[in-house]
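Numbers restart at 1 for each chain; the letters A, B, ... are given by sequence-line order, proteins then strands. Keep in mind it's a predicted model, so treat the numbers as computed, not measured.
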Protein chains: 2
Amino acid sequence: MKEKRKISIKDISKKLGISTTTISFIINGKAENRISKEVIKKVEDYIEKVGYKPNSTAQTLRTGKSKTIVFMAEDISDPFFSAIAKEMEEIAFENSYKIIYCSTENKKERALELLTLFKDRQVDAFIITPPEDFKNEMEELIKENKQVVMVFDRYYDDFEHNYVVLDNLDSSIRATRYLLNNGFQNVGFVGLKSDISTTQERLHGYQQVMAENAKKERSVLVSFDEVKTPTGKKKIYEFISRNPQIDSLLFATNSLAITGLKLLKEMGLKIPEDISVLTFDDRDLFELYSPPISVISQPVSHLANELIEGTLNLLEEDLKPNSRFQKVLKGKLVERTSSQRISENNAI
Amino acid sequence: MKEKRKISIKDISKKLGISTTTISFIINGKAENRISKEVIKKVEDYIEKVGYKPNSTAQTLRTGKSKTIVFMAEDISDPFFSAIAKEMEEIAFENSYKIIYCSTENKKERALELLTLFKDRQVDAFIITPPEDFKNEMEELIKENKQVVMVFDRYYDDFEHNYVVLDNLDSSIRATRYLLNNGFQNVGFVGLKSDISTTQERLHGYQQVMAENAKKERSVLVSFDEVKTPTGKKKIYEFISRNPQIDSLLFATNSLAITGLKLLKEMGLKIPEDISVLTFDDRDLFELYSPPISVISQPVSHLANELIEGTLNLLEEDLKPNSRFQKVLKGKLVERTSSQRISENNAI
DNA sequence: ACGTTTTACTAAATCGATTTAGTAAAACGT
DNA sequence: ACGTTTTACTAAATCGATTTAGTAAAACGT
């Protein structure tokens, strides 16, 4: 089978005896008040007939716009990030943007590698979940002002930038208060060892409420790499063993909670009778678990919409350095059985 | 802050008084036996010094290779596909390929839209999970031979193509035999209503084993869109109600199983005492469930590796139309409590 | 000693679009 | 009636690489 070469604007130009300039104007909707209706019709009909589509690489080379957005997630296989990816995808495609994904694994070196890779390529925008210890790199990237940069799931205090995040402080405060109000006296916190705003705020919200209520704060911090490993589980185990008075656990992420639930099961602790559980980030798992696990759920759809629409808006404004897109959304406390107080007489 | 324009090969040419031809040869490793060592050194040193990186868009325009692979998943937010995406990503980047993702939602129209979108753009390869009723479009795409096309998670009998799939027939046969061997007399099958090879083979494997053992086949097929809806759950409910003799359920996908587990819980049926459960596709949920759910797990890492390495190999061979990459991997039966036969005396 | 081959390069074309800087003819204004 | 503006276009430059088709000088062969 003979390969037929793709048709170019030059071919059309020759075929119709019309300059490429004119054709380009027509394609790009700049023909109004410049080109006669007859010529417009002739060109449009021909384009329709042969199914011509401009070569996007050539357009990118000439205009510097690639219609490409890089989504640098912490981990694209994490249900939270893949759900966000899915929602963003649709809106991006509707606006003829494509999305390239990658995962930092919360590792600085990997993020840097990916960033250098994409800075060289033409990319219009970055949606980034910056890893640990990446503030300087992010600040530099943003100051360069070559692409739209949207920060997701965390943010920085020290400089101006676009971001979409959950109100983690507020969520954590509400979560902790809720557990105390349910009558749990000794709420423990299982968090990530991290300087990222997200985990910091979740810890601080908990600490703040415990302090307000003159309760002793008890927390354990697991590092990102350990969460899914025996080491991580062991850390939580030791935390619980050392603090037998704990009657309730607030987990800062869903991965921590999953490790925690495995552990509690192994330890033979009953939820919520022996220890109640509440975690950040919903997953279908949690609703189905026995007992169903209470969560602070992030508004995934809303977050994804703000992320992609904010990014597209900024792209349209064409990098005006002073317009900022900053959204802080509220979490939703979903009460299920795992955080319920079982009254003493019922428990027996 | 003044934006400094990116340096081009022409700038280097002017600066060093060396033609762009020579520089291009050096950059692309074609300098051997052509260009003197001194010039090579001079150019390489300068490139190193100013940190020059060729503009990839220009390269794409000239060479026709974009170093881009499109991963068209059924649904990128599905844990199976996002796990595959994650594993492929790393290898792709190591080989300086980038991946654009999209989801067909198993809808023909959407897949067609996405395909037309990407066929116009320069894309080197497609990794596609074709939706329902998309055979002709796939055959055409493959025959055009413009990009490497890798089919994933399903395949076609009628024409030659590259694919990576699970041995679904074998897996289903083993799964059904296993349930019968465990003493379950009436195994029911909950599948997808679909002409895709994957779901067809899973059904046929079940039917084959039931026939071999002179057992009555009982199955319900739910359409893709209904799986996560009340309608889907209702269909399974009616199936179970109409067939009270069923003592074991084989689910063809993890989404079906999740809907099924919710239903069994609502119906108050005990697993595995009242009804045993086995499902395709592992998820962390299943291990943690009470009781832990037995699964036929797909070798995700292995699949992803074959997919991306197969694709990269085919890309290197530069579209030789006759070389085919076809891998059929075995599933792994993971026995957990949900499929165990509880002996009568223990049951009481 | 002189034709041929090899070495070490370069000028210009090319990929396929957009954009700048123009022009000829028609219409307008007074 | 004649200069000016508007209309409707086009030629050529440009984005930044790679590649084709060459060439001048050195080395080689007999």
Taking only the side-chain heavy atoms of S24(A) (C-beta and beyond), determine which of dC9(C), dT19(C), dG16(C) contains the nearest atom.
dT19(C)
Does Q59(B) have a side-chain nitrogen or oxygen under 4.0 Å from the phosphate oxygens OP1 or OP2 of dT18(D)?
yes
Centroid-to-centroid, F93(A) to F118(B), below 6.0 Å?
yes
From the set dA17(D), dT20(C), dA17(C), return the single nucleotide nearest to any side-chain atom of T21(A).
dT20(C)
Residue matched to dA26(D) through Watson-Crick or wobble contacts both under 3.5 angstrom
dT5(C)
Atom NZ of K6(A) and atom C1' of dG16(C): how far apart are they, to the nearest Å?
10 Å
Heavy atoms only, 4.0 Å cut-off, all strands: where does K30(B) land among base, sugar-phosphate and nothing?
sugar-phosphate
Whole-Å gap separating C1' (dC15(C)) and CG (L61(B)):
4 Å
Can you tell which of dA12(D), dT10(D), dA17(C) lies closest to the side chain of Y52(A)?
dA17(C)
Rounded off to whole Å, could you give me the CZ-to-P distance for the F25(B) and dT10(C) pair?
11 Å
Centroid separation Y101(B) to F71(B) less than 6.0 Å
no
Within 45° cone and under 6.0 Å: R154(B) NZ/CZ vs Y163(B) ring
no
Got D120(B) and K6(A) here, is their nearest side-chain heavy-atom distance under 4.5 Å?
yes
Using whole Å, what does the distance between atom P of nucleotide dA17(D) and atom CG of D11(B) come to?
8 Å
Find the distance I9(B):CD1 to dG16(D):P and express it as a whole number of Å.
12 Å
Between S36(A) and dC9(D), is there a side-chain N or O to OP1/OP2 distance below 4.0 Å?
yes
Whole Å only: how far is the CD1 atom of I18(B) from the C1' atom of dT10(C)?
12 Å
Measuring to OP1 and OP2 of dG16(C), would you say a side-chain N or O of S8(A) lies under 4.0 angstrom away?
no
R62(A) side chain, from C-beta outward: closest of dC9(D), dA13(D), dT18(D)
dA13(D)
Where do K67(A) and D124(A) land on the salt bridge (Lys or Arg N to Asp or Glu O under 4.0 Å) test, with the steps shown first?
CA-CA 6 Å; K67(A) 295 256 166 190; D124(A) 296 342; over 6 Å; no
Given DNA chain D, 5'-ward residue of the pair I23(B) and R34(A), judged by closest heavy atom:
R34(A)
Please give, in whole Å, the distance from dA8(C) C1' to K42(B) NZ?
14 Å
When both hydrogen-bonding distances must be under 3.5 Å and the geometry is Watson-Crick or G-U wobble, what is dA21(D) paired with, if anything?
dT10(C)
Would you classify T22(A) as touching base, sugar-phosphate or nothing, given that sugar-phosphate means primed atoms plus P, OP1 and OP2, and contacts are heavy atoms under 4.0 Å?
base
Is any side-chain heavy atom of I12(A) closer than 4.5 Å to a side-chain heavy atom of I7(A)?
yes
Tell me which nucleotide among dC9(D), dG16(D), dT18(C) gets nearest to the side chain of T20(A).
dT18(C)
Spacing between N28(B) atom CG and dA17(D) atom P, to the nearest angstrom
11 Å
Looking only at side-chain atoms of V39(A), point me to the closest of dT19(D), dC9(D), dG16(C).
dC9(D)
